[in-house]
Every structure is written in C-alpha cells, then in structure tokens.
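Naming: A, B, ... by sequence-line order, numbering from 1 per chain. Below, all heavy atoms of this structure are taken into account, side chains as well, without hydrogens, waters or symmetry copies.
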Number of protein chains: 2
Amino acid sequence: MSGRVTMKDVAAALGVSTATVSRALKDDPAISLATRRAVLEMAQRVQYRPSAAARRLRTKSTSLIGVVVQSVGDGYVGEVVLGIQGRARDLGYQPLFFAAEERADLESEALDVFLSEQVTELIAVSPTGRPELLRRAVAEGMRVAVINADAEVPARFFREVTSGTISSQITRIGSPGRGEPMCHIRFDDVAAGELATTHLAGLGHRAFVHLRGPNVRSGLLRLLGYRRALTALGLWPQPVLTAAFPDMGSRESAVAAFLRQAGPPVAMVAYDDLAAVAALRAAHQAGWRVPEDLSVVGIDDIQFASYTNPGLTTVAQPKHELGALAVDALLTRRGAGPADGRAGPDGAVGPDGAVGPDGAVGPAGPAGPDGAEEVRVLDGQLIIRESTAPAMPVTREEAQ
Amino acid sequence: MSGRVTMKDVAAALGVSTATVSRALKDDPAISLATRRAVLEMAQRVQYRPSAAARRLRTKSTSLIGVVVQSVGDGYVGEVVLGIQGRARDLGYQPLFFAAEERADLESEALDVFLSEQVTELIAVSPTGRPELLRRAVAEGMRVAVINADAEVPARFFREVTSGTISSQITRIGSPGRGEPMCHIRFDDVAAGELATTHLAGLGHRAFVHLRGPNVRSGLLRLLGYRRALTALGLWPQPVLTAAFPDMGSRESAVAAFLRQAGPPVAMVAYDDLAAVAALRAAHQAGWRVPEDLSVVGIDDIQFASYTNPGLTTVAQPKHELGALAVDALLTRRGAGPADGRAGPDGAVGPDGAVGPDGAVGPAGPAGPDGAEEVRVLDGQLIIRESTAPAMPVTREEAQ
DNA sequence: TTGTACGCGTTATCAG
DNA sequence: CTGATAACGCGTACAA
C-alpha cells in the first residue's frame with residue numbers, strides 16, 4: 001500500500017500473527033528461536049519501524065523525558081543538554097526539549113506540550129526565578145529534577161557575608177525548595193569559591209578582591225566560599241566589588257575604580273567567567289598586566305574561557321555530569337545511583353559562619369521523608385590557564 | 001478513575017458523546033455555540049489534555065519537525081535552534097531535537113527516532129561532511145531543509161583563489177547538493193567576506209591580510225569575498241594566511257609569523273570570530289596594538305564577540321532568521337514565503353572570477369524544476385565594535 | 001446539530 | 001509456543 005509499513009505487513013509476509021511479531025521484536029522468552037529470527041530478518045528487509053504513537057497509546061508509557069531550558073543561546077546550557085541526551089539515550093529515553101526564554105507564556109505552553117505528550121519526568125536546566133512551572137509540574141504528578149536552580153536572594157545577605165556576621169537565615173539559602181518533592185542537582189558554588197581562592201593563596205597572594213555576582217543564590221554562595229577560604233587562612237576581611245548585572249560596562253568600571261586605588265599584585269576571584277573577562281578588559285585598559293599584576297580566576301569554564309587573552313584560569317562545572325545525573329535521579333529508582341559526585345550538603349559546615357546551605361533544619365543529609373526530595377552536589381575542577389601567576393614582590397618601577 | 005482525563009470523561013460529565021466534544025474542541029462549524037462553550041468550559045474545569053499519541057495515531061499527521069544539530073555545545077547552534085522553535089511554534093509544530101555529535105551511529109539513531117515518531121520534516125543545522133543522514137532522510141520521503149551545509153572542499157581551490165585564476169570548478173561550490181531534493185538556507189559567505197573587507201578599505205586601509213578557515217565551503221567562499229572586494233578596489237593580490245584547524249595555537253603562530261615581517265597598520269579579515277580571537281592574542285603577544293596597529297574583523301558574531309578585548313567588529317549571521325526560514329521553507333508551501341532575505345544566488349557574479357556559487361549551470365536563480373530544490377540566502381550585518389579603526393600613517397617611533 | 005461506529009498500530013490477556 | 005481478540009484515545013464517515 002501507500003502508507004508506512006506496519007506490523008501487519010510483517011506478519012502477513014511471514015504468515016504469522018501480529019502478536020507473534022510483537023513478541024519476537026521485544027525478545028519475549030516465550031517464542032521459538034526460529035520464528036524470532038525470521039521475524040527479525042523480515043522486519044529488517046521491509047524496513048519496519050514501530051510506531052511510537054501506537055506504542056505509547058497502548059502502553060501509556062512514553063519513554064519521553066521533558067527538558068526545559070531558559071535559553072540555549074549560550075554554550076553552557078548546550079553542554080548540560082548534551083549530558084542529558086547522552087544518559088537518557090543509555091536508558092532508552094528520548095529527551096523532548098523546550099526553550100522557554102524566561103517567558104511565562106512559553107513555560108505554560110511547555111507544560112501543556114509535556115502533558116499532551118504524557119511526559120512524566122521533567123528536567124529544568126538553570127531555572128532562575130519563577131517557580132510556577134515546577135510547582136505545576138509536580139502538581140500534575142511529574143517527577144522533576146532541577147539543575148542549578150538559581151533563585152533571587154535578598155541583597156541584605158550579601159552585605160552580611162561581605163562585612164558582618166552571617167545570620168542564620170543565610171543557612172536556609174540553597175535549601176532544596178520549600179519542601180517541594182523534586183530532586184536538585186547542583187554545582188557546589190561554595191566549594192568553587194573556596195577552590196578559586198585557595199588556588200590564589202597557594203600562589204602566594206595576600207591581597208584579594210572578589211567581583212561578586214548578581215543577587216542570586218550562586219552569587220551568594222560563591223562569595224561565601226571566598227570568605228570561608230580567606231577566613232580559614234586568617235586573611236579575612238578582603239574587598240568585594242559590586243556591579244550592575246549583567247552589564248559588562250558596569251563590571252568593568254567597578255574593577256577599574258578598584259584598580260585605581262590599589263597596587264599590584266592583586267588576586268581576583270570573579271563570580272563567573274564573564275565577570276572575569278570584564279576584569280581582563282578593565283585591567284588591560286588600566287595598564288595592569290595579567291597575570292603579572294593581576295591574577296584572576298573565573299568560575300564555570302565556558303567554552304570561551306580558553307580563548308580569552310590571556311587564557312582564563314577557572315573552576316569548571318561538570319556540565320555533562322550535571323545533565324547525566326539529573327536523568328539518573330529521575331529514572332533510576334532510589335538505591336543504586338551511579339556513584340559520581342558525592343551526595344550531601346552543598347557546603348559543609350565550616351569554621352566561619354557555620355553554614356550548611358543544604359538543609360535548613362536537619363543535620364544536613366540527603367533529605368526527604370519519602371525520598372521525594374533529594375540533593376546531589378557536584379564539585380568543580382580547577383583548570384589552570386594563563387590568568388593566574390605567583391605573587392611577585394612589587395618591583396620598584398611598578399611601584400613608581 | 002486513576003488514569004488521565006480523557007475525552008470520554010468530558011463527554012460523560014456533560015451527557016454528550018465524545019464526537020461532540022471532539023468537534024467542539026476543534027471549532028467545527030457544525031456545532032451549536034451553546035454546546036461548544038459548555039464543552040470548552042468543562043474541558044477547562046476537568047483539566048482535559050488531548051493525547052498527542054492518540055491524535056497522531058488517528059490522523060497520521062504528527063505536527064513534529066525533526067531537528068538534527070551536530071553539537072549544541074557552542075552558542076551558535078543554540079541561537080539557530082531558538083529561531084527554529086519560535087517559528088515552528090507559530091505554525092503549530094513541535095520541534096524534536098537531536099544532537100548527533102558528528103557520530104554516524106547517533107545520526108542513524110536520530111533517523112530511526114524520527115521515523116518512529118513519523119516525523120516528515122527535517123532540519124539539519126550546520127552539517128559538516130557526511131551526507132548519509134540527509135540522503136537517507138529524503139529516501140524515506142522526508143522533506144528536508146539544510147542550514148549552512150558546510151562540506152569539505154579540495155585545498156586546491158583555495159590555492160586557486162589565493163593566487164591564481166579561478167577555475168570553473170569553483171563555480172560549482174555551494175551548489176545545493178547533487179540535485180538532492182532539499183532546501184538550503186544559508187548565510188551569504190561571499191558577501192560577508194566582501195563586507196568585512198570593504199569596511200576595512202573604507203577606513204583607509206591598504207595593507208590587508210586574510211586568516212583563512214578550514215578546507216570547507218564557507219572557508220572558500222569567505223576567502224572569495226575577500227578577493228572580490230579587493231579586486232574591485234584594485235588592491236588585489238593581498239596575503240592569505242593558512243593554519244591548522246581548529247587549533248588555536250596554530251592560528252596564533254601563523255599570525256605571529258606574519259606580523260613579524262610586516263609593519264603597521266594592517267587590516268585583517270578573519271575567517272570567523274574564533275580566528276579573529278586568535279589574531280587578537282597573537283597581536284597582543286607581538287606587541288601590536290588593536291585596533292591602532294592591527295584592525296581585525298571577524299565573521300559570525302558569536303556571543304563572545306562583544307566580550308573580547310577589545311570588542312570584536314564582525315559580520316553577524318542572522319541566526320534566528322536562518323532557523324525561522326528553514327521552518328518556513330519546510331512548512332509553508334511554495335508561494336507566500338514571508339519575505340526576508342533575498343532569494344537568489346549565494347554570491348552574485350562579480351568582476352573577478354565570475355563566480356556564482358549557487359547554480360552550477362543555469363543563470364543563477366532559485367532553482368529546482370518541481371520546487372524540490374530551493375536556496376534561500378541571508379545577508380550578514382556589519383557590527384562595528386572596537387577592533388577596527390581608521391588606518392593612520394605610521395608614526396616615526398612605531399617605524400622605529 | 002448530534003450520536004454511532006469504526007479504525008489508526010500496538011501490546012496484553014486469554015485460549016489453544 | 002502461537003493465534004485471536006480487545007483496548008488504548010481520538011477523529012470522522014455515516015446516519016439520525
């Protein structure tokens with residue numbers, strides 16, 4: 001006939017029933033080896049392709065996993081998505097991507113699509129702000145995993161961490177939602193801030209500065225890591241720079257202003273690679289050499305970090321793994337999680353501030369009464385390029 | 001009951017038949033206004049969601065459009081994908097993304113998935129090399145559109161364009177496949193090369209250099225544009241730099257070697273933004289100032305082009321539009337294509353070389369006898385940032 | 001204007 | 001080990 005080739009065709013060609021074909025194709029043990037081979041061969045010959053629609057209608061189990069990203073315009077999300085697709089593929093699932101560019105209408109539409117497609121597992125990549133989508137998704141009965149949720153945080157908390165005592169409220173930051181039953185997969189921002197800072201300290205630096213991020217969770221946590229590392233070293237307090245985000249110019253002038261009243265060498269921990277690049281530009285224009293006068297380390301390891309001038313030392317996010325782990329969290333039931341990245345609190349309780357951003361109340365363990373709530377935290381990795389160097393004593397001419 | 005809410009539920013709740021519900025939901029004219037409203041309201045109340053699987057099974061028309069990308073790891077593809085999703089959405093289609101990372105097995109699997117999902121329209125974003133997937137897709141009866149296909153091209157052609165007469169074979173480059181019935185949507189590489197070059201010439205530059213790309217179609221075409229613009233200005237020949245790709249270091253040393261035997265000011269047209277960044281690094285290390293000593297313009301306008309140091313002047317690809325137009329080409333039948341970007345030859349016949357890379361034989365028009373083959377070409381846009389400046393006479397101290 | 005009945009391609013149940 | 005047969009949720013001829 002004209003249409004696609006179906007099971008009936010295969011069955012007819014072999015003189016068997018469609019039931020037999022169906023069984024042979026799914027390796028049902030109750031089938032003779034001979035017929036199975038015959039079916040397989042014939043299916044191959046006539047180019048048979050099972051109809052996903054029919055199968056789903058019958059079994060009610062779509063092997064579909066919904067993925068919402070805010071935007072796939074930058075490389076970061078793309079890398080995570082690759083991790084998701086890879087792992088989903090291994091588990092026989094098909095990701096269904098939807099880019100909701102922070103628009104409420106698109107998010108709503110995404111949910112509609114997922115519902116129509118009978119998607120039961122949902123991954124949100126780096127959602128910022130609006131929790132409606134996720135709430136509605138769990139309300140509809142979906143299992144959801146969130147990668148690097150980055151909600152807004154009061155500016156007051158930043159002030160406290162920058163120059164004050166850390167209130168207990170900050171302890172709640174990074175808490176896995178308000179008891180929403182969803183998995184959280186996240187990069188360890190606190191540890192990243194610490195790692196960047198200790199790397200610089202290990203190079204002999206004693207004069208630090210942090211170019212902080214926007215008023216969101218990751219911004220606060222990275223700042224916290226900066227402070228914690230410095231406190232452990234007995235070097236706290238150190239300056240923290242604030243700029244309007246995501247305006248590149250604002251960041252540059254903030255750095256420029258700082259450099260004007262400082263002397264080399266200075267060690268900078270930037271909120272992320274983009275902030276680090278702004279610092280690179282400001283330094284260049286101010287006549288500071290990188291890394292000789294200014295060492296700077298970024299966080300994230302975006303693709304471009306290796307192309308900056310000079311190449312950027314940074315703490316890399318395990319982007320693929322973040323994606324893969326989200327899939328695991330959704331698909332593999334509690335118990336045998338492929339061991340990678342420790343499971344536990346986002347930032348362990350440290351000497352300064354006693355902050356365990358993971359659990360608000362309990363003694364910080366993988367939480368959730370019935371296993372609905374879960375947090376997996378992945379460490380970053382220090383990538384050393386050319387933007388950091390040992391702190392050298394200031395030469396006479398540099399000091400003028 | 002336990003399962004999802006279906007049309008039967010809505011019908012039962014209203015005491016009507018499922019047929020009525022079905023009709024009311026699709027605005028069938030043969031339905032009373034009263035019942036329609038009642039159905040709509042009830043559907044709303046009970047949170048009814050149509051089953052995509054059932055609908056597809058019944059109508060055999062999935063509103064699915066397959067999208068293969070090689071990798072979504074860099075921002076470029078992400079932008080195009082956004083354009084695809086946006087336009088597909090407008091037309092009531094749902095994109096189904098698949099990242100085949102240049103791996104034959106993944107490409108094959110992608111096709112299987114599309115076939116199982118009964119996808120009949122396929123978009124390939126920036127495929128490089130292997131045409132098997134596309135061939136098989138059309139063999140399976142899919143309509144396919146290709147965005148910026150970038151096949152390999154003999155190195156000999158580059159030599160001809162760089163320093164020789166342009167053979168007629170080059171005329172065929174950029175021909176829309178070997179008569180494969182598929183639409184091609186592409187960025188005008190020749191025009192981009194010309195635009196970058198004329199911008200520089202307009203700034204007063206007379207000493208040029210091109211850092212060429214890999215041995216692929218776009219690399220050849222951009223080089224061609226460079227030559228054409230220069231020829232029109234009476235400035236040809238000018239040097240062309242070759243480097244191993246995609247090795248950043250190789251590019252840098254190629255540029256460094258060139259700078260060593262040249263004097264400022266020099267105007268460079270780089271194959272793409274990444275190549276331009278390599279040039280920036282090489283210039284920096286060689287002590288050349290940008291843009292004072294070396295003006296450089298890239299092509300593509302990747303996200304990072306505005307973050308380089310200094311900001312990169314470049315010819316932007318209309319990434320969103322490329323995606324949107326691919327959807328249009330597939331979904332809207334011949335006739336009323338939303339006018340954007342001229343339709344026509346990739347590079348018009350010019351004074352030098354007489355190359356119209358679009359059509360191999362005919363007088364260069366939107367080709368295809370039965371409308372199967374079609375080419376849409378989109379122009380780039382010059383984005384002026386800080387990496388280009390007027391050519392200033394060499395000062396005495398610079399000339400040593 | 002609405003209801004009835006059938007079939008899209010699979011899989012699962014029940015006989016044989 | 002294999003074959004009928006029913007049902008998944010929906011759309012649409014056909015009849016009323």
Determine yes or no for a side-chain-to-main-chain donor-acceptor pair under 3.5 angstrom, with Arg36(A) supplying the side chain and Asp28(A) the backbone. yes
Whether Gln70(A) side chain and Ser126(A) backbone form a donor-acceptor pair below 3.5 Å: yes
Treat primed atoms plus P, OP1 and OP2 as sugar-phosphate and everything else as base, then score nucleotides 3-9 of chain D 5' to 3': B for base contact with protein heavy atoms under 4.0 Å, S for sugar-phosphate contact only, - for none. BB-BBBB
At under 4.0 Å, does any side-chain N or O of Ser22(B) touch on OP1 or OP2 of dC10(D)? no
Any side-chain to backbone donor/acceptor pair from Arg143(B) onto Ala329(B)? Under 3.5 Å, distance only. yes
Scan residues 28-40 of chain A against DNA chain C and write down, sorted by residue number, each residue with any heavy atom closer than 4.0 Å; if none is found, say none. none
Rounded to 10 degrees, the angle between the two terminal axes of the helix from dT1(C)-dA16(D) to dG16(C)-dC1(D), each from five pairs: 40°
Checking Ser32(B) now: which residues fulfil side-chain hydrogen bond (donor to acceptor under 3.5 Å, both in side chains) with it, not counting sequence neighbours? Thr35(B)
Between Thr128(B) and Glu102(B), is any side-chain donor less than 3.5 angstrom from a side-chain acceptor? yes
Under the side-chain hydrogen bond (donor to acceptor under 3.5 Å, both in side chains) test, which residues partner Glu109(B), sequence neighbours left out? Arg89(A)
Cationic N near anionic O, under 4.0 Å, Glu117(A) to Arg56(B): yes
Say whether, by atom type as modelled, one donor and one acceptor occur between the side chain of Thr18(B) and the main chain of Lys8(B) under 3.5 angstrom. no
Does Glu140(A) come within less than 4.0 Å of Arg4(B), counting only side-chain N to carboxylate O? no
Test of understanding: with side-chain hydrogen bond (donor to acceptor under 3.5 Å, both in side chains), list the residues that count as partners of Asp9(A), not counting sequence neighbours. none
